[in-house]
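The structure appears below as C-alpha cells.
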Amino acid sequence: ERKRALEAERQARVEELLMKRKGQEARIEQQRQEKEKAREDAARERARDREERLAALTAAQQEAMEELQKKIQLKHDESIRRHMEQIEQRKEKAAELSSGRHANTDYAPKLTPYERKKQCSLCNVVISSEVYLFSHIKGKKHQQAVRENSSIQGRELSDEEVVIAVVNGSFDTTHEHLSIPEEA
C-alpha cells in the first residue's frame, strides 16, 4: 500500500508539474502573442508615420514645383514682352532710318511696290518701292554719286529736295539720274 501511496504521490507531483508546465507554456505563448501584436502595432504606426511624412514631403515638393513653374512662366512672359518691345523698337528705328528722319515727317514711305519700277542711273539700281527708294537715297553709295555729279549743277541737293522730287514724281534735270526703265 505504501507503494501505491508513493506512486499516487509521485503521479500527483508529475501531474502538478505538468500542470505548472502547461500554465507556464500558456503564459509564455500569451506573452509571445502580446509581443508579436505590439510589434505589429508598432510597425503599423511606423508605416503610417512614414506614409504621412512621405505625403507631406510630396505635397511640399509639388507646391515648390508649382511655385517654380509660376516663376518660370512669369520670366517667360517677361522675356516675350521684352522681345516684343525690342522688335517694336527695331521696327520703329528701321522705319525712321528708311523714311529719312530729316525728310518730311508727315509722310511715311509705303512698302507696296511701284507699278513701274524706278531706276537710279547714277548707281544703276532698280528701285521697287518707296521704302527702298528712301533707303537708297540715304545710302553712302548714292550720296557719293550725287556729290560727284553735283559739280555739274554747281550745288549739292538737300535730302528733302531729293525725296520731295521723287515722291511727287517730278524728275526734272536736277534729278535726271532717277529714271523709269522701259519694260521689255
Side-chain angles (χ1 to χ4, degrees), residues 15-120 123-145 158-160 162-164 166-169 178:
E15 276 191 37
E16 186 181 326
L17 285 175
L18 283 176
M19 291 296 268
K20 275 186 178 179
R21 192 170 186 178
K22 282 184 183 180
Q24 255 183 344
E25 285 177 358
R27 278 193 311 275
I28 290 173
E29 181 64 25
Q30 185 179 5
Q31 288 173 351
R32 188 188 65 76
Q33 286 177 353
E34 287 173 0
K35 283 181 182 179
E36 183 67 27
K37 184 179 179 188
R39 251 186 268 139
E40 288 175 359
D41 289 345
R44 275 194 297 272
E45 185 69 25
R46 285 191 307 270
R48 195 184 61 190
D49 287 346
R50 187 174 55 243
E51 288 295 322
E52 286 175 359
R53 285 192 311 268
L54 185 60
L57 180 64
T58 304
Q61 286 176 340
Q62 183 68 27
E63 187 176 325
M65 187 179 309
E66 287 173 0
E67 187 66 29
L68 285 175
Q69 286 176 341
K70 285 178 185 177
K71 285 181 180 179
I72 289 170
Q73 186 63 41
L74 287 174
K75 284 187 177 188
H76 181 70
D77 293 345
E78 179 65 18
S79 175
I80 288 173
R81 186 190 60 75
R82 282 193 318 265
H83 178 71
M84 296 308 285
E85 283 178 2
Q86 287 176 351
I87 288 175
E88 197 60 38
Q89 289 171 352
R90 287 179 184 158
K91 282 181 182 178
E92 289 172 6
K93 187 171 182 176
E96 284 178 7
L97 291 175
S98 68
S99 66
R101 251 182 298 182
H102 306 294
N104 183 358
T105 55
D106 294 338
Y107 181 77
K110 296 181 180 120
L111 190 59
T112 56
Y114 289 134
E115 288 181 25
R116 295 183 65 198
K117 291 186 181 3
K118 298 179 182 185
Q119 181 175 2
C120 176
C123 305
N124 198 22
V125 173
V126 175
I127 298 170
S128 58
S129 71
E130 287 180 358
V131 171
Y132 189 70
L133 171 69
F134 288 166
S135 177
H136 175 70
I137 289 172
K138 296 285 181 192
K140 290 179 184 176
K141 183 178 171 185
H142 180 75
Q143 293 293 324
Q144 174 133 7
S158 71
D159 291 342
E160 283 187 19
V162 173
V163 170
I164 290 171
V166 172
V167 168
N168 291 336
L178 289 172

Margin query: Strictly by salt bridge (Lys or Arg N to Asp or Glu O under 4.0 Å), give each pair with a member in residues 61-78 just once, sequence neighbours left out.
Written below: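 As it turns out, the salt bridge (Lys or Arg N to Asp or Glu O under 4.0 Å) pairs with a partner in residues 61-78, which skip direct neighbours, are E78-R81, E78-R82.
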Check: Under the salt bridge (Lys or Arg N to Asp or Glu O under 4.0 Å) test, which residues partner E45, sequence neighbours left out?
Finding: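 For E45, the residues satisfying salt bridge (Lys or Arg N to Asp or Glu O under 4.0 Å) (neighbours in sequence not counted) are R48.
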Next item on the list: Using the test side chain to side chain donor-acceptor pair (under 3.5 Å), find all partners of R50 that sit at least two apart in sequence or belong to another chain.
Entry: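 Here no residue qualifies.
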Enumerate donor-acceptor pairs with a distance under 3.5 Å from any side-chain N or O in residues 33-43 to protein atoms, sequence neighbours excluded.
from: Q33; atom 1: NE2; to: E29; atom 2: OE2; distance (Å): 3.3
from: E36; atom 1: OE1; to: R39; atom 2: NH1; distance (Å): 3.0
from: D41; atom 1: OD1; to: R44; atom 2: NH2; distance (Å): 2.3

Next item on the list: For I80, enumerate each residue passing the side-chain contact (heavy atoms from CB on, under 4.5 Å) test, keeping only those at least two apart in sequence or located in another chain.
Entry: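 Applying side-chain contact (heavy atoms from CB on, under 4.5 Å) to I80 gives H76, M84.
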